[in-house]
Each structure stands twice: as structure tokens, then as C-alpha cells.
Amino acid sequence: MADEPLVLGIETSCDETGVGVVRGTTLLADVVASSVDEHARYGGVVPEIASRAHLEAMVPTIERALARAGVAATDLDGIAVTAGPGLAGALLVGVSAAKAYAYALDKPLYGVNHLASHICVDQLEHGPLPEPTMALLVSGGHSSLLLAPDITTDVRPLGATIDDAAGEAFDKVARVLGLGFPGGPAIDREARRGDPAAIAFPRGLTGPRDAPFDFSFSGLKTAVARWVETQRRAGVDVPVADVAASFQEAVTDVLTRKAIRACRAEGVDHLMIGGGVAANTRLRAMAEERCAAAGITLRVPRPGLCTDNGAMVAALGAEMVARNRPPSPLDLPADSSLPVTEPLAPAGAAR
């Protein structure tokens with residue numbers, strides 16, 4: 001174990017300052033400083049507030065992670081950082097910090113892809129990823145089906161959201177129901193008291209002629225809002241728990257149905273689910289049921305590793321070191337639209 005790469009990972013793509021320390025595929029520390037409470041009053045993430053929060057939290061969070069891991073910064077074999085995609089200002093804070101530490105410590109720097117990191121984090125819980133890996137990533141900004149023959153060099157998009165991502169739809173529906181922000185955990189809690197079959201909400205892009213692996217949740221979100229508005233105009237109390245459960249059922253039905261379809265189409269006998277929405281209890285339960293019925297092995301990290309964190313960045317960085325991938329230059333840019341096909345950010349000006 002001592003000869004496995006020791007890597008520190010920094011994640012600042014949105015509203016959480018995450019720092020993780022990983023040795024090979026072993027997690028030593030995972031520290032998160034979240035600014036979610038500062039955004040709650042606005043009903044969503046405010047980029048400028050997020051950037052300022054990252055600036056304040058960065059150094060203390062790195063120090064806590066190193067202390068928790070029981071290692072010194074000089075012991076590190078590399079420093080990994082989310083180079084994109086994400087909020088431009090937030091990414092810049094993390095990338096700038098990583099560059100400073102890499103330069104000061106004379107350590108190699110790895111600018112990695114946020115989405116590829118969400119896949120790689122599963123190694124910290126379930127061991128090395130199968131090759132290829134089929135991944136369903138669901139979060140506030142992404143709903144994607146990805147095939148990764150090599151997580152460090154070859155990630156192929158099979159499908160993605162064409163409008164609202166699943167997590168974004170959760171936030172918007174939660175706002176309609178008065179459940180606050182963030183919407184995912186609130187709807188999950190409320191749905192446990194409701195009937196998932198109470199309301200027949202639509203399933204987008206599931207017809208025989210639709211894109212087989214793409215997702216659309218904008219129509220579902222609108223259908224929920226209109227249903228709630230109709231009830232309120234009629235002076236009828238809105239059954240919040242039933243609405244939450246029925247909406248959640250529609251989302252998880254589409255996500256798992258398409259994921260199973262992708263596994264079959266590509267001849268892959270396992271499925272990894274990651275991203276913040278992967279913490280949803282109904283999604284995890286439905287995926288387990290449907291994968292078991294289809295003979296597919298399911299891999300889902302524990303909820304704390306599904307949401308944005310530094311451990312996932314460190315995990316991908318450690319894999320880059322282990323496979324002798326070339327480090328990033330110190331002029332590494334933050335790229336808010338970094339494509340998932342680039343697990344390791346290329347050098348050059350940001351697009």
C-alpha cells in the first residue's frame with residue numbers, strides 16, 4: 001500500500017469546497033465545506049457567492065484534510081483538481097489553489113474532469129472499475145449515460161439531458177411545492193409518505209422513436225407545476241407527499257429504464273450510478289430491482305461519495321498517477337464546458 005500514489009484532490013465546481021486525500025484506491029480523508037445555506041435564500045446557487053465561499057474555505061479545508069489523513073503536504077505524489085465542467089468562477093478558485101500548491105511543493109498537477117471523477121470515486125468503495133464501465137451520472141447539472149473503456153483516457157457519451165437535468169428538475173419541483181432548497185433531499189423525504197402511483201406524470205423521451213439514451217425532464221417539471229396550479233385554483237389542498245412521490249417515480253423510472261437499455265445495447269453486465277441524485281433512496285432501490293431482474297451488477301457509492309467531493313477528484317488523480325498519465329502544465333485553464341471525452345484536461349486556452 002505504501003507504494004501506491006498518495007494524491008490530494010480539490011473540487012470547487014459548484015457550491016461545495018471538497019478536499020480529499022487518497023492512497024491508491026484507499027480513502028484517507030474527505031472534507032467538505034458547503035455554502036449551500038448561503039444560497040438557500042435565493043432558491044439556487046449564486047455563482048459569485050459560491051466563488052467567495054471557496055476562497056474563504058480553501059486553505060482551512062486542505063489543512064483539515066491533510067490532518068485527518070495523517071500526512072504532510074510534502075508526502076504527496078500529486079495534486080488533482082477539477083478543471084471543468086462547472087461554474088467558471090468557482091473552478092478558477094480551485095484550479096488556482098491547486099497550481100499554487102503544486103508549484104510550492106514541486107508536485108505534479110492533474111486537471112481532471114468532474115464527470116469522470118464521479119465515475120472513478122466508486123473505486124474507493126467497491127474496488128477497481130470494470131473495463132469498460134457503464135455509468136449513469138445524475139446531478140443538478142447533468143443527466144448522462146457514459147461508457148468508459150479507460151477512465152483516464154477514454155470516456156464516451158452515449159446520452160445526455162437535452163433540457164433540465166434530473167437534479168435541476170428536483171430543485172424546481174421542490175420550489176413549486178414549497179419544500180425549499182436543495183430540492184432533492186426534500187422531495188426524497190416527502191415522497192416516503194406519499195403514493196408513487198397517485199398521479200400519472202409523463203415520462204419524457206421514452207417513445208419508440210425517441211433518442212434511446214437521451215433524457216428530458218423539462219416537460220415533466222412543467223406537468224407537475226400545472227397540476228399543482230390547477231389544484232390550487234380549484235381551492236383544493238395539494239397532496240404534497242403524493243406529488244413528490246409521483247414526480248420522483250417518473251424521474252427514476254426514466255433514468256433506470258434507459259440505463260438498463262444502454263447496458264444491453266453495449267453488452268455490459270454492470271452499471272455504476274453516481275452524482276448527487278444517486279443519493280436518492282427511490283433511485284437506488286429501483287436500480288437495484290431492475291438490475292437484478294436484468295442480470296446486471298449494480299455499483300453505487302455511499303451517498304456521501306455521490307455528491308460533489310474532493311475524494312472523487314483525488315481518486316481520478318491517483319489513477320492518473322498509477323497509469324503514468326502525463327501531468328497537466330501549470331498554465332492549466334479552468335474550462336467551464338470541458339467535455340466528458342477529456343478525463344484529463346488538455347493544455348491551452350479555455351474554450
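What you are looking at is a predicted structure, and each value in this text was computed from that prediction instead of being measured. In this chain, numbering begins with 1 at the start of the sequence shown.
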Open item on the list: On a heavy-atom basis, which atom in Cys14 and which in Ala90 lie closest, and how many Å separate them?
Closed with: O-CB, 3.7 Å
Task: Side chain to side chain, His142 and Pro85, heavy atoms closer than 4.5 Å - done: yes
- [ ] Among residues two or more places apart or on two chains, list those pairs meeting ring-ring contact (aromatic ring centres under 6.0 Å, His included) that have a residue in residues 267-299.
- [x] none
- [ ] Working to the nearest 0.5 Å, report the span between SG of Cys291 and CD1 of Ile260.
- [x] 4.0 Å
Task: side-chain hydrogen bond (donor to acceptor under 3.5 Å, both in side chains) pairs, two or more places apart, involving residues 92-105 - done: none
Task: Same cluster (ILVMFWY, side-chain, under 4.5 Å), Val254 and Ile162 - done: no
Task: Lys172/Glu168 salt bridge by N-O under 4.0 Å criterion - done: yes
Task: side-chain hydrogen bond (donor to acceptor under 3.5 Å, both in side chains) pairs, two or more places apart, involving residues 258-268 - done: none
TODO: Output all residues satisfying salt bridge (Lys or Arg N to Asp or Glu O under 4.0 Å) with Arg257, sequence neighbours left out; order by chain, then residue number.
DONE: Asp253
Can I get a per-line list of side-chain donor-acceptor pairs under 3.5 Å for residues 239-247, giving both atom names and the distance, sequence neighbours left out?
residue	atom	partner	partner atom	Å
Asp242	OD1	Asp195	N	2.8
Ser246	OG	Asp195	O	3.3
Ser246	OG	Ile199	N	3.1
Ser246	OG	Asp242	O	2.9

Open item on the list: For a 4.5 angstrom cut-off between non-hydrogen side-chain atoms, does Thr153 reach Arg325?
Closed with: yes
Open item on the list: Nearest 0.5 Å, please: how far is CG in Leu298 from CD in Glu289?
Closed with: 11.0 Å
Task: Between Thr256 and Arg290: side-chain donor-acceptor atoms closer than 3.5 Å - done: yes
Task: salt bridge (Lys or Arg N to Asp or Glu O under 4.0 Å) partners of Glu229, counting only residues at least two apart - done: Arg233
- [ ] Can you run down the salt bridge (charged side-chain N to carboxylate O under 4.0 Å, His left out) pairs that involve residues 175-188, sequence neighbours left out, and say none if there aren't any?
- [x] Asp188-Arg192
Open item on the list: Do Asp171 and Pro182 make a side-chain contact, defined as non-hydrogen atoms from C-beta onward lying under 4.5 Å apart?
Closed with: yes
Open item on the list: Going by the rule ring-ring contact (aromatic ring centres under 6.0 Å, His included), which residues pair with His118 if we only count those two or more places apart in sequence or in a different chain?
Closed with: His114
- [ ] Report yes if some heavy atom in the side chain of Pro196 is under 4.5 Å from a heavy atom in the side chain of Met286; otherwise report no.
- [x] no
Task: Greater than 12 external heavy atoms within 6.0 Å of Glu288's CD - done: no
TODO: Keeping the roles fixed (side chain from Ser143, backbone from Ala166), state whether a donor-acceptor pair exists under 3.5 Å.
DONE: yes
Task: Step-by-step side chain to side chain contact (heavy atoms under 4.5 Å, CB included) determination, Leu105 to Thr74 - done: CA-CA 6 Å; Leu105 297 168; Thr74 52; 4.2 Å; yes
Task: Nearest heavy atoms of Ile273 and Pro301, plus distance in Å - done: O-CD, 3.2 Å
Task: Ala278 backbone acceptor or donor facing Arg284 side chain under 3.5 Å - done: yes
Open item on the list: Check for me, please, whether Leu76 and Val81 land in the same ILVMFWY cluster - side-chain distances under 4.5 Å, paths through other members count.
Closed with: yes
Task: Side-chain donor/acceptor of Asp30 to backbone N/O of Gly20, under 3.5 Å - done: no
TODO: To the nearest 0.5 Å, tell me how far Thr133 OG1 sits from Asp154 CG.
DONE: 11.5 Å
Task: Close side-chain approach of Leu92 to Ser51, heavy-atom, < 4.5 Å - done: no
TODO: Quick one: name the residues clustered hydrophobically with Leu27, using the 4.5 Å side-chain heavy-atom rule over I, L, V, M, F, W, Y, and just say none if it's on its own.
DONE: Val7, Val22, Tyr110, Val112, Leu115, Ile119, Val121, Leu124, Leu129, Leu137, Leu146, Ile151, Val155, Met272, Leu305, Met312, Val313, Leu316, Met320, Val321, Val340, Leu344
Task: hydrophobic_cluster_shared for Phe181 and Ile187, side chain cutoff 4.5 Å - done: no
- [ ] Please report the shortest heavy-atom distance between Ala73 and Lys107, naming the atom on each side.
- [x] O-CE, 4.1 Å
Open item on the list: Please determine whether side chain to side chain contact (heavy atoms under 4.5 Å, CB included) holds for the pair Ile62 and Ile10, giving the CA-CA distance in whole Å, both sets of side-chain angles, and the decisive distance to 0.1 Å.
Closed with: CA-CA 8 Å; Ile62 290 175; Ile10 299 172; 3.9 Å; yes
Task: Arg282 side chain reached by Glu249 side chain, heavy atoms, under 4.5 Å - done: yes
Task: Contact list for residues 115-144, test salt bridge (charged side-chain N to carboxylate O under 4.0 Å, His left out), sequence neighbours left out - done: Asp122-Arg299, Glu125-Arg302, Glu131-Arg323
Under 3.5 Å, sequence neighbours excluded: what are the donor-acceptor pairs made by side chains of residues 215-228?
residue	atom	partner	partner atom	Å
Ser216	OG	Asp163	OD2	2.6
Lys221	NZ	Asp164	OD2	3.1
Thr222	OG1	Ser218	O	3.0

Task: Contact check, side chains of Glu11 and Asn309, non-hydrogen atoms, under 4.5 Å - done: no
Task: Minimal non-hydrogen separation, Ser13 against Leu91, with atom names - done: CA-CD2, 3.8 Å
- [ ] Mind listing the closest non-hydrogen atom pair of Ala102 and Leu330 along with its distance?
- [x] CB-CD2, 4.4 Å
- [ ] Kindly give the cluster partners of Val32, where membership spreads through any ILVMFWY side chain lying under 4.5 Å from a current member.
- [x] none
- [ ] Compare every heavy atom of Asn113 with every heavy atom of Pro339, then report the nearest pair and how far apart it is.
- [x] O-ND2, 2.8 Å
